[in-house]
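To start, the structure itself, in structure tokens.
Quick note: residue numbers are just sequence positions, from 1. Just follow the structure's listing: the first ligand is 1, and inside any ligand the first atom is 1. As the structure is a prediction and not an experimental result, all values here were calculated from the model. In what follows, every heavy atom counts, from backbone to side chain, and hydrogens, waters and symmetry copies are set aside.
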Amino acid sequence: MFFASDNWAGAHHAINERLMKESTRFAAAYGTSALDQAIEQRFNEIFEREVSVFFVATGTAANSLSLASLAKPGGVTFCHTEAHVIEDECGAPDFFSGMRMSPVDGRNGKMDPKILSSRIARYPQDAVHHGRATAVTMTQATEFGTVYSLAEIEEISRVAKANGLPLHMDGARFANALVQIGTTPAEMTWKRGVDVLSFGGTKNGCWCAEAIVFFNPEMAKELPFIRKRSAQLFSKSRFIAAQFEAYLQDDLWLDLARHANAMADRLRAGLAASNSARLAWETSANEVFAVIPKDTAKAAEAKGAKFYDWLEPHDMAEPVGDDAVLIRLVTSFATEAEDVDAFLDVIAAG
Ligand SMILES: Cc1ncc(COP(=O)(O)O)c(C=O)c1O
């Protein structure tokens, strides 16, 4: 009953096997091997255009270095109030980019385009004392388990572009959002105006594989230096490439995300039907938020269920209440239907 996070799961066997194979041979270091280059080419196919790809170790690095590549002195980056970049990365995006984050409210983890517009207006380009608006970053799927529709991405992008700002997407759970919408990587990114993407693999079956993807290679010119100076240029970068090779082969990444989302659907359905729990809000990717009695949470933990208590978000429609707790449940490629059913039984037993 592991629902703490999708990064508690191991790695998919196809990825492990590919790593084993890679470990038996010699190849050029620092991203110059034929395999690194072949996988960069594979990203071109996936995104249906020439992209610039940079492998890094963590989602935090992908976000931080993406934003560093967009930075200006005195720059301000706009993100959702409860985004991972502002709440959960210990200030790394600010540290590496030298910019600061400005929070933008919006329901269910999605920035409200009108609020975004008015926040940006507070930082005109010539306002030397306030700092200047420099970039917008959005998360897809969001930290709330919701997914921006294509029209919603376009709306955020329209506001960013109207103000001359580049748009970054934190895609730590990119695949989960993609299969939920049922669209293509190109449609969900550059065709809607996304300029830079943190493409996550770790949460969806890789061992440790994240990539920064630039849709305009011109914007990527500084990244090789930014990455090296940030200690993220791996000498054995080909082991990240190898993971991505297996991950992207025969749509494995999409199958794994579909499975994780299906397990979340099962969990959602069970909790919605339960007398002892309620869904905190509607989610559609592989994260589920539920309100359960404190005693039930303790009993579930005592029986081995793993999940995180969650802070009540700023816009929670129905407050949690003193006797209850808000919890986050995350499913992954490795979640089994039996785990979900066992957890639902534990919740029903109270
Ligand atoms: C939305 C989102 N972005 C980025 C990250 C950062 O990933 P990492 O923990 O690999 O730095 C996470 C991890 O939980 C996340 O949920």
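- Ring centers of F307 and F3: at least 6.0 Å apart, outside the cut-off.
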Output a table of donor-acceptor pairs, distance under 3.5 Å, between side-chain atoms of residues 40-60 and any protein atom two or more places apart or on a different chain; print 'none' if there are none.
unit_1: Q41; atom_1: OE1; unit_2: N44; atom_2: ND2; d: 3.3
unit_1: R42; atom_1: NH1; unit_2: E45; atom_2: OE1; d: 3.1
unit_1: R42; atom_1: NH2; unit_2: L248; atom_2: O; d: 3.1
unit_1: N44; atom_1: OD1; unit_2: V51; atom_2: N; d: 2.9
unit_1: R49; atom_1: NE; unit_2: F215; atom_2: O; d: 3.1
unit_1: R49; atom_1: NH2; unit_2: F215; atom_2: O; d: 2.9
unit_1: T58; atom_1: OG1; unit_2: A61; atom_2: N; d: 2.9

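- Salt bridge annotation for K21-E17: absent, with no cationic side-chain nitrogen under 4.0 angstrom from a carboxylate oxygen.
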Check residues 285-292 and write down every donor-acceptor pair under 3.5 Å in which the side-chain atom is one partner and the other belongs to a residue at least two apart or another chain.
unit_1: N286; atom_1: ND2; unit_2: D6; atom_2: OD2; d: 3.0
unit_1: N286; atom_1: ND2; unit_2: T331; atom_2: O; d: 2.9
unit_1: E287; atom_1: OE2; unit_2: R328; atom_2: NH1; d: 2.9

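- Evaluation of the salt bridge (charged side-chain N to carboxylate O under 4.0 Å, His left out) test over residues 151-160, restricted to residues two or more places apart or in two chains, returns K110-E152, E154-R192, E155-R158.
- Counted by atom type alone, D36 and Y30 present zero donor-acceptor pairs between their side chains at under 3.5 Å.
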Less than 3.5 Å apart, N/O on ligand 1 and N/O on the protein: could you list those pairs with the distances?
unit_1: ligand 1; atom_1: 3 (N); unit_2: D170; atom_2: OD1; d: 3.3
unit_1: ligand 1; atom_1: 3 (N); unit_2: D170; atom_2: OD2; d: 2.6
unit_1: ligand 1; atom_1: 10 (O); unit_2: G59; atom_2: N; d: 2.9
unit_1: ligand 1; atom_1: 11 (O); unit_2: G59; atom_2: N; d: 3.4
unit_1: ligand 1; atom_1: 11 (O); unit_2: T60; atom_2: N; d: 2.8
unit_1: ligand 1; atom_1: 11 (O); unit_2: T60; atom_2: OG1; d: 2.5
unit_1: ligand 1; atom_1: 14 (O); unit_2: H84; atom_2: NE2; d: 3.3
unit_1: ligand 1; atom_1: 14 (O); unit_2: K203; atom_2: NZ; d: 2.6
unit_1: ligand 1; atom_1: 16 (O); unit_2: R173; atom_2: NH1; d: 3.2

